[in-house]
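First up is the structure itself, then whatever we jot down about it.
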Amino acid sequence: MEKDRKAVPNDHLANERTFLAWIRTCIATIGLGFVVVKFSLFIRQLALVVGTGTKLPNHGYSSIIGITLVIGGMLLALFAYHRFKSTQQQLLAGRFRPSSGIFLGITTAIILLGIILVAYLLQRVR
């Protein structure tokens with residue numbers, strides 16, 4: 001749906017608030033990735049110090065997951081900036097067109113990541 005009207009300051013302020021919400025999400029995603037990687041490292045060091053003979057798995061998927069989260073957060077920040085500028089230009093031109101395709105892509109990627117993580121966690125429980 002296309003709107004032909006002059007943008008008001010509230011439209012631009014809403015665009016900025018949306019951008020900042022995306023940035024907060026990016027920071028949270030990057031922070032979570034960092035914590036996942038560091039927690040894995042902490043567990044390995046703790047097992048060495050305690051020395052209880054606990055066997056740790058050889059494959060370190062938590063590092064891969066954490067790094068993927070950090071990269072995903074950075075890519076999300078790029079998307080957020082692109083979306084902000086695109087919306088700003090549309091508002092200045094007086095022709096705003098909402099797009100849902102990219103949000104479907106992000107939602108699909110998150111669902112796929114969730115399925116992969118559930119499969120990984122179920123494998124670890126057995």
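From Leu112, atom CG reaches atom OG1 of Thr107 across 11.0 Å, with rounding to the nearest 0.5 Å. Note that the OG1 atom of Thr68 and the CD1 atom of Ile116 stand 9.5 Å from one another [nearest 0.5 Å]. Rounded to the nearest 0.5 Å, atoms OG1 (Thr29) and CG (Leu75) are 11.0 Å apart. One distance of note links OG of Ser63 with NZ of Lys38; it measures 9.5 Å at 0.5 Å rounding. Atom-to-atom distance recorded for Lys85:NZ and Asn15:CG is 9.5 Å, nearest 0.5 angstrom. The CZ atom of Arg17 lies 7.0 Å from the CG atom of Asn10; values are rounded to the nearest 0.5 Å.
With hydrogens and angles disregarded, no donor-acceptor distance shorter than 3.5 Å links the side chain of Ser86 to the backbone of His82.
When every heavy atom of Ala80 is checked against every heavy atom of Ile23, the shortest pair comes out as CB-CD1, 4.5 Å. In this structure, His12 and Leu91 approach most closely via the heavy-atom pair CE1-CB, 3.6 Å. Nearest heavy atom pair, residue Ala77 against residue Cys26, reads N-SG, 3.2 Å.
Cluster annotation: Phe39 is not connected to Phe34 through the hydrophobic network of ILVMFWY side chains, with a link wherever side-chain heavy atoms come within less than 4.5 Å. Taking hydrophobic clusters as Ile, Leu, Val, Met, Phe, Trp and Tyr residues chained together by side-chain heavy-atom distances below 4.5 Å, Leu113 does not share a cluster with Ile115. Under the 4.5 Å side-chain heavy-atom criterion for Ile, Leu, Val, Met, Phe, Trp and Tyr, Ile65 and Leu32 are members of the same hydrophobic cluster. Note on Ile27 and Leu20: same hydrophobic cluster, where clusters join Ile, Leu, Val, Met, Phe, Trp and Tyr whose side-chain heavy atoms are under 4.5 Å apart, directly or indirectly. Tracing side-chain contacts under 4.5 Å through hydrophobic residues (I, L, V, M, F, W, Y), one never reaches Ile110 starting from Ile67; they form parts of separate clusters.
Using a 4.5 Å heavy-atom cutoff, the side chains of Ile30 and Leu69 are not in contact. Considering only heavy atoms from C-beta on, Trp22 stays 4.5 Å or farther from Tyr81 through its side chain.
By the 30° and 60° cut-offs, the orientation of the rings of Phe84 relative to Phe19 is tilted.
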Begin from the C-alpha positions of Leu76 and Ile106 and carry the test side-chain contact (heavy atoms from CB on, under 4.5 Å) through to its verdict.
CA-CA 9 Å; Leu76 203 55; Ile106 292 172; 4.1 Å; yes
